[in-house]
Amino acid sequence: MKILVLNGPNLNMLGIREPDVYGYATYADLCRDIQAHAARIDVEVEIYQSNHEGDLVDKIQAAYGNVDGIVINPAAYTHTSVALLDALKAVGIPTVEVHISDVSLREDFRQVSYIRPYCLKTVMGYGFAGYLMAMDALLEATTCK
Ligand code: CA2
């Protein structure tokens with residue numbers, strides 16, 4: 001099984017500011033946690049981060065036929081991007097939405113997620129562990145079919 005983990009804008013800045021919301025760990029720490037979990041559950045993983053919406057759309061399209069599941073934290077694009085929703089719908093790959101913070105407890109503008117209706121589930125508020133929970137959910141969903 002191959003999982004693609006996609007991260008949106010500014011997540012490469014983790015650990016640098018807003019530690020009260022996102023913690024002190026860095027993006028490199030997040031990637032290490034994901035790689036270690038992939039090895040534990042015996043799945044292949046590719047991790048990709050971009051600050052550009054079109055790059056994320058391109059990566060989703062390129063996953064078609066090559067990836068069994070997608071974990072995505074679209075960051076700010078969560079709340080704005082019909083393009084990401086359309087790309088996910090176009091490829092039809094099982095997808096889990098992740099947020100490090102609990103967006104349900106934050107500003108009104110973070111209450112909207114354009115991709116959520118497409119996703120198998122949303123994991124929010126568990127920090128980096130949410131990514132690992134999302135990987136487990138995809139493994140379970142795709143092996144229970
Ligand atoms: O909680 C999450 O994972 C978010 O997707 C993070 C996004 C935010 O726009 C979403 O509403 C919720 C922000 C990611 C940017 O993270 C920063 C990293 C370092 C310094 C400031 C922000």
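In each ligand, atom 1 is the first atom listed, and ligand 1 is the first ligand listed. In this chain, numbering begins with 1 at the start of the sequence shown.
Of all atoms in ligand 1, numbered sequentially from 1 with element shown, those under 4.0 Å from a heavy atom of I100 are 1 (O), 2 (C), 3 (O). Shown in contact with E18 at under 4.0 Å from a heavy atom are these atoms of ligand 1, numbered in order with element: 21 (C), 22 (C). The contact set between ligand 1 and V103, taken as ligand atoms under 4.0 Å from a residue heavy atom, comprises 11 (O), 12 (C). Within ligand 1, the atoms closer than 4.0 Å to a non-hydrogen atom of M13 are 18 (C), 19 (C), numbered from 1 in the order shown.
Remark: ligand 1 and R110 share an N or O pair separated by less than 3.5 Å (distance only, no angle test). Taking any N or O of H79, backbone or side chain, at least one lies under 3.5 Å from an N or O belonging to ligand 1. Between S101 and ligand 1, a contact under 3.5 Å exists for at least one N or O pair. Residue contacts with ligand 1: L14 is placed with no nitrogen or oxygen under 3.5 Å of a nitrogen or oxygen of the ligand (distance criterion only). Residue contacts with ligand 1: N73 is placed with a nitrogen or oxygen under 3.5 Å of a nitrogen or oxygen of the ligand (distance criterion only).
Relative orientation of the H79 and H99 rings is parallel, given thresholds of 30° and 60° on the angle between their planes.
For atom 13 (C) of ligand 1, the closest non-hydrogen atom on the protein side is Y22 OH, 3.4 Å. Looking only at heavy atoms of the protein, atom 20 (C) of ligand 1 is closest to R17 O, 3.5 Å.
In summary, the side chains of T78 and E97 do not present any donor paired with an acceptor at a separation below 3.5 Å, with no hydrogens or angles considered. Inspection of the E53 and N51 side chains reveals no N or O donor paired with an N or O acceptor under 3.5 Å. Between Y131 and N73, the side chains place a donor N or O and an acceptor N or O closer than 3.5 Å (distance only, hydrogens not considered).
Put simply, L4 and L30 are part of two different groups of oily side chains (I, L, V, M, F, W, Y) that touch within less than 4.5 Å, one to the next. Note on V57 and Y64: same hydrophobic cluster, where clusters join Ile, Leu, Val, Met, Phe, Trp and Tyr whose side-chain heavy atoms are under 4.5 Å apart, directly or indirectly.
Residue M135 holds its CE atom at 8.5 Å from CE of M1, rounded to the nearest 0.5 Å. Rounding to the nearest 0.5 angstrom, the gap separating the CG atom in L56 from the CG atom in N7 is 9.0 Å.
Contact analysis puts L11 in contact with ligand 1, with a non-hydrogen atom separation below 4.0 angstrom.
Using modelled atom types, one side-chain atom of D29 and one backbone atom of T26 make a donor-acceptor pair closer than 3.5 Å.
The parts of N10 lying near ligand 1 are both backbone and side chain, judged by heavy-atom distances below 4.0 Å. Using a 4.0 Å cut-off between heavy atoms, H99 contacts ligand 1 through both its backbone and its side chain.
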